[in-house]
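Down below is the structure, laid out as structure tokens.
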Amino acid sequence: MSTENEGNEGTAAEAVPSVPSAPPVPADAPQGPPESTPDAPAYPQTPDAAAAQQSPRAQQPYPPTEEPATATTPMASVPGTPPPGLQSAAEANWPPPPPAVPAYAHHGADGGGAGPVWGAPAQLHSPAGPRKRGMGGLVAAVAAAALIAGGIGGAFGYWAADRNGSTTVAASVNPQDLKRDPGTVAGVAAKALPSVVTIDAQSGDGEGGTGTGFVYDKEGHILTNNHVVASAADSGQLTVTFSNGKKYGAEVVGRAQGYDVAVLKLKNPPSGLAPLPLGNSDQVAVGDSTIAIGAPFGLSNTVTTGIISAKNRPVASGDGSGGSNSYMSALQTDASINPGNSGGPLLDARGAVIGINSAIQSTGSSVGQTQAGSIGLGFAIPINQATNVAQQLIKTGQPVYPVIGATVTMDERTGGAAIPDQGTGGTAAVAKGGPADRAGLKAGDVITKFNDTVIDSGPTLIGEIWTHKPGDRVTLTYKRDGKTATAEVTLGERKGDS
């Protein structure tokens, strides 16, 4: 959004009132004794304005102002060919092009309009004929006094400016002494940054990358994305760096590939850890302000801002390694998220975590490029879902997924989540005795709604199911032989990643 400066226009008065509201100033320096009172300018001028017009500088006017997605992986670390569409932080280009230099408009005093020359003598005279004595003489005397005083003040100001070369005044307050209000972006960032960490994940063969995480509790647990630490989870090395530069070794407590959530534990956690406060992602509204903190392209402690652009956005993202995809009903934000932001917190205006930055939409990469940067379409795992997963991982070390007990296709052109004739490896598409079977669902049914949420594909259905817990009772709307029906389903559970 840009702003435009508009000038003021006026029309000069045609005649001088008998008693002007401000003393008139001659338009030109008189060459001899005037025979009549000169016309007044359109706007009465103050002494400073009259003086400003005498400087040569004041005579120069200034110009006016004028696809399947891939998770935000750790920076440049995960091997494999990424699918198009949403992608992880590791799959965007570096270095980015240098920022364009903005062409700022010049600001300054308006130098337009001709004014009287400072120092012109004020000539007072009496007309040939007799005139009545009264206020006229007093007004003329005041006008002369104002002109002389304005001329002297203007001359001194011009001399001082010309002698000193500048009229700017330096601030007396040091920047470090300025106090930022807690509700500002600077205030939120200052409080949150000490609890955000940069994660360096190195696999056993020396490959690795950079991602982000944040302090989850005072025991030293760090919450992040699974794809940030996957390469170093088994035999690699994990190093966590805080904003003050201090480094700590870490180990994986548990990972959930489907949710793209992982929990780390610092090996020697420092005292005084400050967990980030957790918000309620269910209460987030489109248009709410957001703040993202992470290490895009390895640039630790980077803060970007935006808004919530959409909610419940179905996202299926992969880590680019050909492994299992993750599914989420994501928060969409236009805060700049790039490779290396993965696993970092998405904060609300209060500084509470409302999501974990996980994936970005990409326009694709050109020849010779393997990564792309932010185009303003970033996706975060809602913190309510991530918290449930984290608690399970800390408790048991493995994730628990709610399920309906049926296989659905990943084809997005079916107008819903279609149950195929057979499941993976020739198994039954509807598990015998499972939740879907007990609810009466069959192969060939197309699920079109999950409670009140419209389902347009298999990934959308999975993302919605995984926002719930095992044991939750939900309503599925489906089509069979052109007819619509509903079924009440109690969600089952599956432990671990398969």
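- Side chain of Asp288 to backbone of Ile308: no donor-acceptor contact under 3.5 angstrom is found.
- Pairing each heavy atom of Leu393 with each of Gly254, the nearest pair is CD1-O, 3.6 Å.
- Using a 4.5 Å heavy-atom threshold, the side chains of Lys218 and Pro275 count as touching.
- Residues Ile354 and Pro382 form no side-chain contact, since every pair of their non-hydrogen atoms from C-beta on lies 4.5 Å or further apart.
- A side-chain donor-acceptor contact under 3.5 Å links Arg438 to the backbone of Gly433.
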> Hey, mind stepping through Thr239 and Lys247 against side chain to side chain donor-acceptor pair (under 3.5 Å) and telling me if it holds?
Replying inline: CA-CA 7 Å; Thr239 303; Lys247 299 179 182 293; over 6 Å; no
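- For the atom pair Leu491 CG and Asp472 CG, the distance stands at 6.0 Å (nearest 0.5 Å).
- You'll find the side chain of Val489 reaches within 4.5 Å of the side chain of Pro435, heavy atoms only.
- Counting only heavy atoms from C-beta outward, the side chains of Leu377 and Ile360 never approach each other to under 4.5 Å.
- For the pair Leu264/Val229, a side-chain contact is recorded, criterion being any heavy-atom separation below 4.5 Å from C-beta on.
- You'll find the ring centres of Tyr401 and Tyr259 inside the 6.0 Å limit.
- The CD atom of Gln332 lies 13.0 Å from the NZ atom of Lys311; values are rounded to the nearest 0.5 Å.
- For the residue pair Ser231/Ser203, the side-chain donor-acceptor check at 3.5 Å is not satisfied.
- Closest approach of Asn338 to Pro296, counting heavy atoms only: CB-CB, 3.7 Å.
- Note that CH2 of Trp466 and CG of Leu461 are 10.5 Å apart. Values are rounded to the nearest 0.5 Å.
- Using modelled atom types and a 3.5 Å distance limit, the side chains of Thr475 and Glu488 yield a donor-acceptor pair.
- Shortest non-hydrogen contact noted between Thr407 and Pro420 is O-CD, 3.1 Å.
- In this structure the side chain of Thr387 never reaches within 4.5 angstrom of the side chain of Leu223, judged on heavy atoms.
- For the residue pair Thr290 and Thr333, a side-chain donor N or O sits within less than 3.5 Å of a side-chain acceptor on the partner.
- Residue-environment remark: CG (Asp181) exceeds the threshold of 12 foreign heavy atoms within 6.0 Å.
- Within the 4.5 Å cutoff, the side chain of Thr241 has no heavy atoms near those of the Val197 side chain.
- Counting only heavy atoms from C-beta outward, the side chains of Leu346 and Val353 never approach each other to under 4.5 Å.
- No salt bridge links Lys432 with Asp437; every basic N to acidic carboxylate O contact stays at or beyond 4.0 Å.
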>> side chain to side chain contact (heavy atoms under 4.5 Å, CB included), that's the test. Do Ile222 and Leu266 meet it? Break it down for me.
In response: CA-CA 8 Å; Ile222 304 295; Leu266 300 179; 4.1 Å; yes
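- Note on Arg350 versus Asp348: salt bridge recorded, some NZ/NE/NH1/NH2 to OD/OE distance being below 4.0 Å.
- In plain terms, the two heavy atoms of Pro470 and Val400 that are nearest each other are CG-CG1, 3.9 Å.
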> Can Ile199 and Thr212 be said to form a side chain to side chain contact (heavy atoms under 4.5 Å, CB included), step by step?
Replying inline: CA-CA 5 Å; Ile199 300 173; Thr212 308; over 6 Å; no
>> side chain to side chain contact (heavy atoms under 4.5 Å, CB included), that's the test. Do Ile293 and Leu193 meet it? Break it down for me.
In response: CA-CA 8 Å; Ile293 304 180; Leu193 276 168; 3.7 Å; yes
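- Here the closest non-hydrogen pair linking Val403 and Glu493 is CG2-N, 3.7 Å.
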>> Applying side chain to side chain donor-acceptor pair (under 3.5 Å) to Ser336 and Thr304, what does each step give before you reach the verdict?
In response: CA-CA 6 Å; Ser336 182; Thr304 57; 5.2 Å; no
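- Thr224 contributes no side-chain N or O that, together with a main-chain N or O of Ala262, makes up a donor-acceptor pair within less than 3.5 Å.
- Residue Asp205 places its CG atom among more than 12 non-hydrogen atoms of other residues, nucleotides or ligands, all under 6.0 Å distant.
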>> Using side chain to side chain contact (heavy atoms under 4.5 Å, CB included), reason through Ile394 and Asp217 one step at a time and then give a plain yes or no.
In response: CA-CA 11 Å; Ile394 293 172; Asp217 58 27; 4.3 Å; yes
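- Remark: Phe379 CZ to Met328 CE distance equals 9.0 Å, nearest 0.5 Å.
- Asn384 and Asp282 form a side-chain donor-acceptor contact under 3.5 Å, judged by distance and modelled atom types alone.
- Although no hydrogens or angles enter the test, the distance criterion places no donor-acceptor pair under 3.5 Å between the side chain of Thr184 and the main chain of Arg180.
- From Ile356, atom CD1 reaches atom CG of Asn226 across 11.5 Å, with rounding to the nearest 0.5 Å.
- A distance of 5.0 Å separates CG in Asn451 from NE2 in His468, rounded to the nearest 0.5 Å.
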> Stepwise, does the side chain to side chain donor-acceptor pair (under 3.5 Å) test hold for Thr467 with Gln385?
Replying inline: CA-CA 6 Å; Thr467 62; Gln385 176 180 333; 5.8 Å; no
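- Taking a 6.0 Å sphere around CG of Asn268, one finds it holds 12 or fewer heavy atoms contributed by other residues, nucleotides or ligands.
- A donor and an acceptor atom, one from each side chain of Thr484 and Lys479, are nowhere located under 3.5 Å apart.
- Of the possible donor and acceptor atoms, none in the side chain of Asn357 sits under 3.5 Å from a partner among the backbone N and O of Ala380.
- The minimum heavy-atom distance between Ala436 and Ala406, with the atom names listed, is CB-CB, 3.9 Å.
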